[in-house]
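Naming: A, B, ... by sequence-line order, numbering from 1 per chain.
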Amino acid sequence: MTTPDSRRTAARVLTVLRALAASGGDASCAELGRMTGLPRSTTYRMVGHLREAGLAEIDGGRCRLGGEYLTRLGVLAPAERERLVGCLSDLQRVTRHIAVLVVRRRRDAEVVDRVHDRRSIGLASALGDHLPLHATAAGKVLLAHAPAAGRLVPLPGFTPATITSRVALARELDSVLSAGIAQERQEWQSGLFGVAAPVAGVSGAVVAAMAVMGHGAAFDAVAVGAEVRAAARLASRELAAQR
Amino acid sequence: MTAQLADGSAARVLAVLRTFLHRDASSLADLVRATGLPRSTVHRLLGFLVRAGLVAKRDGLYRLGGRPVAPLAAHQHRVLVGCLPELLAATGGTVQVSVLDGQHALVVERLHGRAAELTIAPGARLPAHCTAPGRVLLAARPGVAVDRGEWLPSVTGVAAGVCGPDGELVAALSAHGRAGSFRLEHAVAEVRRVARLATVELAR
């Protein structure tokens, strides 16, 4: 009963489920195929299993996660987190700001790991575990790499600098994609700056964002940006090398 | 034939996952009852779910999500986590914040560099009697404890207690490293120093 085939299928259906969760809970089968690196026919079959199990709905070629409880799913495997936290630790050490590893949840971005030193305890508390997608560097990286439907999030204004128009956000996300990096300039909290870059999983699809956040006076976005970009690239290589 | 069997395993692993829909935590026996699958099958499928990070096991119970529970108050948590980079840089080992959980030291947070040989994930439960953090937590006093290969062969550990504002022990800060390369005396001094800093910070 436990054949290599059945083990592989059980692992694959979970891979598709995690990709769907990482996309914000709404993706086309073609997008899921790209995110997981699985052949189209396999992706369709796995999506079929998710529907039969009542975990996902299929509607016009789109696959949606059913049930709010699925926002509680872990997107990164434990072994992946331990690899990534090493990169995050190095990033915090060189930048001396707060370094975070962030994944997509349905309506916001969730901090799964954070490294900060004693000087940044207050700021770490102020940031919390949930970041708005459209108003933080990490959130914008995740939005930029989300399937089209996943970009449709509410755009509340937090500061005068928050991007609240869909057109302006689309332009910003396109520039995030071409630059390979996202900047945050007091768009969420006044005085708060950030830089983020994408972390790709085994299949090459973006599974998380790595970001550094800090208060204005001491935040050198150019220098930090170079470090974040290098750390995220290294992190992606670590994930690709694990299997 | 093979494809059918294989597809059956996808359906079964999702059936186990789906049983978490309406419950917070489940024992293996609960899941066997709810799915009607053999115990060994459920156990094997849970292995898939845990490795994928979709389900976490704690205290013999399974629940959704990889996030371990947060036993410390948010401020205490941030203060103790904020001490980890300094401890990591000073000892060169892997470093942890733990709290007592029955006969175990529950690792609440951890930090290690990219080149770390030894990693201890948050949510890990270390036996209290033979690990440095466990001994500090069992003693319930802000002293220092050392473990020389008693928990894992060739792993050395050092821990010191951190007290809250009322003087009660709230957590242990610890560092672990490979016996050959870990500078034990230096680590003892550093863990003690950083634990004192954390105690001062918590009293503010």
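At a 4.5 Å heavy-atom cutoff, the contact between A/Asp117 and chain B is made by backbone and side-chain atoms alike. Only the side chain of A/Gln92 comes within less than 4.5 Å of a heavy atom of chain B; its backbone N, CA, C and O stay farther away. There is no contact between A/Arg93 and chain B, counting heavy-atom distances below 4.5 Å. Proximity to chain B is limited to the side chain of A/Val115, based on heavy atoms less than 4.5 angstrom apart. Neither the backbone nor the side chain of A/Leu84 comes within contact range of chain B, judged by heavy atoms closer than 4.5 Å. Proximity to chain A (any heavy atom under 4.5 Å) is shown, for B/Arg78, by both the backbone and the side chain. Within the 4.5 angstrom heavy-atom criterion, no atom of A/Ser120 approaches chain B.
Chain A forms more heavy-atom pairs under 4.5 Å with one residue of B/Thr119, B/Leu49, B/Leu84, B/Leu197 than with any other, namely B/Leu197. Of the residues considered (B/Val13, B/Leu88, B/Leu45, B/Ile120), B/Val13 shows the highest number of contacts with chain A, using heavy-atom pairs under 4.5 Å. With chain B as the partner, the residue from A/Glu52, A/Met46, A/Arg118, A/Arg119 showing the most heavy-atom pairs under 4.5 Å is A/Arg118. Annotation: maximal heavy-atom pairing with chain B below 4.5 Å, among A/Ile98, A/Ile121, A/Val13, A/Leu50, occurs at A/Ile121. In terms of non-hydrogen atom pairs under 4.5 Å with chain A, the most contact-rich of B/Ala74, B/Ala121, B/Gly82 is B/Gly82.
Within a 6.0 Å sphere centred on CZ of A/Arg96, heavy atoms belonging to other residues, nucleotides or ligands number 12 at most. Around atom CZ of B/Arg193, more than 12 heavy atoms belonging to other residues, nucleotides or ligands sit under 6.0 Å away.
Checked by atom type, the side-chain pair B/Gln96/B/Ser174 shows a donor-acceptor distance below 3.5 Å. Between the side chains of B/Thr94 and B/Arg110, not a single donor N or O lies within less than 3.5 Å of an accepting N or O.
Ring planes of B/Trp151 and B/His176: perpendicular class, angle over 60° (limits at 30 and 60°).
Side chain of B/Asp101 to backbone of B/His104: no donor-acceptor contact under 3.5 angstrom is found. For B/His186 (side chain) and B/Ala90 (main-chain N/O), a donor-acceptor pair under 3.5 Å exists by modelled atom type.
For the pair B/Arg51 and B/Phe48, the cation sits on the ring face: its NZ or CZ lies under 6.0 Å from the ring centre, inside 45° of the axis.
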